[in-house]
Amino acid sequence: MIFVRKRSAILGFHLIRKLCVAAIASLVSPQAGAEDDLMKAARGTFKSIPSVVPAVKDNPVTHEKVELGKILFFDPRMSASGIISCNTCHNLGTGGVDAGPTSIGHGWQLGSRRAPTVYNAVFNVAQFWDGRAPDLKAQAKGPVQASVEMNATPEHVINTLTSMSDYVVMFKKAFPNEASPVTFDNFTRAIEAFEAILITPAAPFDQYLEGDPNALSDRQKAGLKLFMETGCSSCHNGINVGGQDYFPFGAVERPSTSLLPAADKGRFAVTKVPSDEYVFRAAPLRNVALRPPYFHSGQVWSLKQAVGVMAEVQLGAKLSEKEENDIVAFLNSLTGQLPKIEYPILPTRTDTTPLPSTGK
């Protein structure tokens with residue numbers, strides 16, 4: 001009898017436990033299901049940034065090449081004036097961009113567009129707002145030679161590099177299989193290799209995509225859901241949350257001329273196709289909270305305002321203040337771990353190093 005009573009008690013305990021578990025499951029499963037659905041939808045739309053440096057087409061990334069590229073990235077003597085480096089407009093301490101709406105170049109000239117960030121640029125489909133450079137090494141050739149930017153020439157760059165023996169040695173180490181490695185093409189390959197390591201993994205959003213439901217706050221999850229449901233993710237998707245395709249700025253409603261200057265017709269200048277007028281590459285949104293002002297014209301200083309503008313002119317939607325705040329909260333979750341870059345000591349100039357020129 002004692003055995004029967006104990007067995008009945010044990011069975012009763014297990015029955016009560018199962019009923020409790022079932023009751024709890026019935027209470028939490030709708031929320032858990034919604035969480036799972038949101039994460040699944042996000043994984044189908046976005047990709048996390050890898051923690052390893054991606055491969056670069058036709059340019060193996062080596063330690064020697066990266067170290068050389070880092071020094072070149074910070075060396076202002078590549079410019080005609082001797083005061084403008086890659087880092088001037090793509091400041092690694094301020095989100096990979098400079099401080100103003102458009103960059104200041106040679107002779108205090110103002111550029112026509114906001115400098116794109118160099119962080120995670122390796123993941124973009126192409127470089128520049130209009131996509132005129134297919135990769136980072138092609139992009140590196142542009143600013144050096146642009147009269148409104150660094151105002152130099154390939155000859156100036158090569159003469160500067162060969163005038164300093166430290167550079168000659170570094171080029172030989174970075175390109176060991178070449179008899180004469182100090183070339184303008186190798187100059188851009190080294191910069192591309194350095195820029196390829198400028199990735200920012202481990203953002204809260206990356207951790208969420210990798211399975212941690214607690215990596216995002218409730219407000220950030222609400223913003224993510226809204227970001228996808230309102231259609232933001234139709235342009236801003238993939239690994240860089242943008243940067244993968246081209247779209248007209250003002251798909252529903254034309255922005256003001258301060259945001260969309262009439263003279264800058266975007267991708268049309270590259271393709272000459274009428275339908276590409278005022279078409280631009282979708283801005284990659286990784287680390288977007290670090291780099292105001294926004295848009296190719298650099299005229300909006302508030303991320304919340306930028307969200308509101310995009311909702312109206314691209315989607316024809318008027319967001320509430322709460323909705324804007326939720327999306328901004330989500331965008332803040334895209335800020336990753338920036339690589340620690342130590343400012344390099346540059347090779348010392350010699351008597352044969354070209355002198356700086358601030359004149360035209």
Side-chain angles (χ1 to χ4, degrees), residues 49-80 82 84-90 92 96 116 118-128 131-146 149-150 152-201 239-240 339-354:
I49 290 182
S51 57
V52 295
V53 176
V56 176
K57 184 180 179 182
D58 300 325
N59 189 19
V61 177
T62 65
H63 173 75
E64 293 78 13
K65 210 178 289 183
V66 168
E67 285 302 301
L68 172 59
K70 178 174 73 172
I71 293 175
L72 295 172
F73 187 88
F74 284 98
D75 196 334
R77 295 167 299 185
M78 301 303 113
S79 68
I84 301 172
S85 70
C86 300
N87 190 66
T88 303
C89 299
H90 302 284
L92 299 186
V118 71
Y119 284 118
N120 302 307
V122 68
F123 299 120
N124 292 333
V125 66
Q127 306 304 319
F128 296 113
R132 65 183 181 273
D135 51 38
L136 288 169
K137 55 182 169 287
Q139 186 276 334
K141 292 182 178 181
V144 175
Q145 300 179 80
E149 297 184 62
M150 296 172 76
T153 63
E155 290 73 28
H156 170 85
V157 171
I158 298 308
N159 290 339
T160 301
L161 294 171
T162 55
S163 73
M164 293 174 266
S165 59
D166 285 349
Y167 266 132
V168 175
V169 170
M170 283 187 283
F171 268 85
K172 287 180 178 178
K173 289 181 178 178
F175 302 95
N177 299 321
E178 299 186 25
S180 301
V182 185
T183 66
F184 191 57
D185 281 344
N186 284 346
F187 162 81
T188 62
R189 288 189 182 99
I191 292 177
E192 179 182 48
F194 171 63
E195 291 181 344
I197 74 163
L198 299 177
I199 59 176
T200 63
I239 193 169
N240 230 0
K340 227 174 175 182
I341 305 297
E342 184 177 341
Y343 199 102
I345 303 300
L346 306 179
T348 304
R349 64 166 289 114
T350 68
D351 290 341
T352 59
T353 303

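All values below come from the heavy atoms of this structure, side chains included, with hydrogens, waters and symmetry mates left out.
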dist Cys86:SG -> Gln139:CD (nearest 0.5 Å) comes out at 7.5 Å
Mind checking whether Pro116 and His90 have side chains closer than 4.5 Å, heavy atoms only?
yes
Any sub-3.5 Å donor-acceptor pair from Glu195's side-chain atoms to Val118's backbone N or O?
no
Only counting residues at least two apart or in another chain, list the ones meeting side chain to side chain donor-acceptor pair (under 3.5 Å) with Arg132.
Asp130
Here the pair of heavy atoms bringing Phe74 nearest to Leu346 is O-CD1, 4.0 Å
Would the distance check show the side chain of Asn240 and the main-chain N or O of Ala121 forming a donor-acceptor pair, the cut-off being under 3.5 Å?
no
Between Ile239 and Pro50, the two heavy atoms sitting closest are CD1-CD, 3.6 Å
What ring pair (Phe, Tyr, Trp, His ring centres under 6.0 Å) pairs are there with at least one residue in residues 166-192, not counting sequence neighbours?
Phe184-Phe187
Measure the shortest side-chain to side-chain distance between Thr200 and Pro339 over non-hydrogen atoms and say whether it is less than 4.5 angstrom.
yes
Flag, side chain of Lys141 to backbone of Thr188, donor-acceptor distance under 3.5 Å:
no
Might you work through the side-chain contact (heavy atoms from CB on, under 4.5 Å) test for Glu149 and Ile84, ending with a clear yes or no?
CA-CA 8 Å; Glu149 297 184 62; Ile84 301 172; over 6 Å; no
Taking atom CG of Asp166 and atom OG1 of Thr348, what is their separation to the nearest 0.5 Å?
7.0 Å
If every non-hydrogen atom of Ser79 is compared with every non-hydrogen atom of Gly82, which pair is closest and at what distance?
OG-N, 3.1 Å
Sidechain-backbone polar pair: Asn159 side chain, Glu155 backbone, donor-acceptor under 3.5 Å:
yes
Are side-chain heavy atoms of Met78 and Leu161 found at a separation under 4.5 Å?
yes
Going by heavy atoms in the side chains, are Pro76 and Thr88 under 4.5 Å from each other?
no
Side-chain heavy-atom pair Val53, Val122 within 4.5 angstrom cut-off:
no
Is a side-chain N or O of Asn87 found less than 3.5 angstrom from the main chain of Leu92, in a donor-acceptor match?
yes
Looking at every non-hydrogen atom in both residues, tell me the closest pair between Ser163 and Thr353 and how far apart they are.
OG-OG1, 2.7 Å
I'd like to check Met170 versus Glu67 (side-chain heavy atoms, cut-off strictly below 4.5 Å). Are they in contact?
no
Side-chain heavy atoms of Leu68 within contact of Lys65, under 4.5 Å
no
Here the gap from His63 atom NE2 to Lys173 atom NZ, rounded to the nearest 0.5 Å, amounts to 9.0 Å
What's the separation between atom CG in Leu198 and atom OH in Tyr119, rounded to the nearest 0.5 Å?
6.0 Å
State which residue, out of Val182, Val157, Thr352, fulfils the side-chain contact (heavy atoms from CB on, under 4.5 Å) condition with Thr162.
Val182
Can you tell if the side chain of Pro354 reaches within under 4.5 Å of the side chain of His156, non-hydrogen atoms only?
yes
In chain order, what residues pass the salt bridge (charged side-chain N to carboxylate O under 4.0 Å, His left out) check against Lys137, with sequence neighbours excluded?
Asp135, Glu192
Which atom pair, heavy atoms only, marks the closest approach of Ala133 to Ala126?
O-CB, 3.4 Å
So which heavy atom on Asn59 is nearest to which on Arg189, and how close?
ND2-O, 2.9 Å
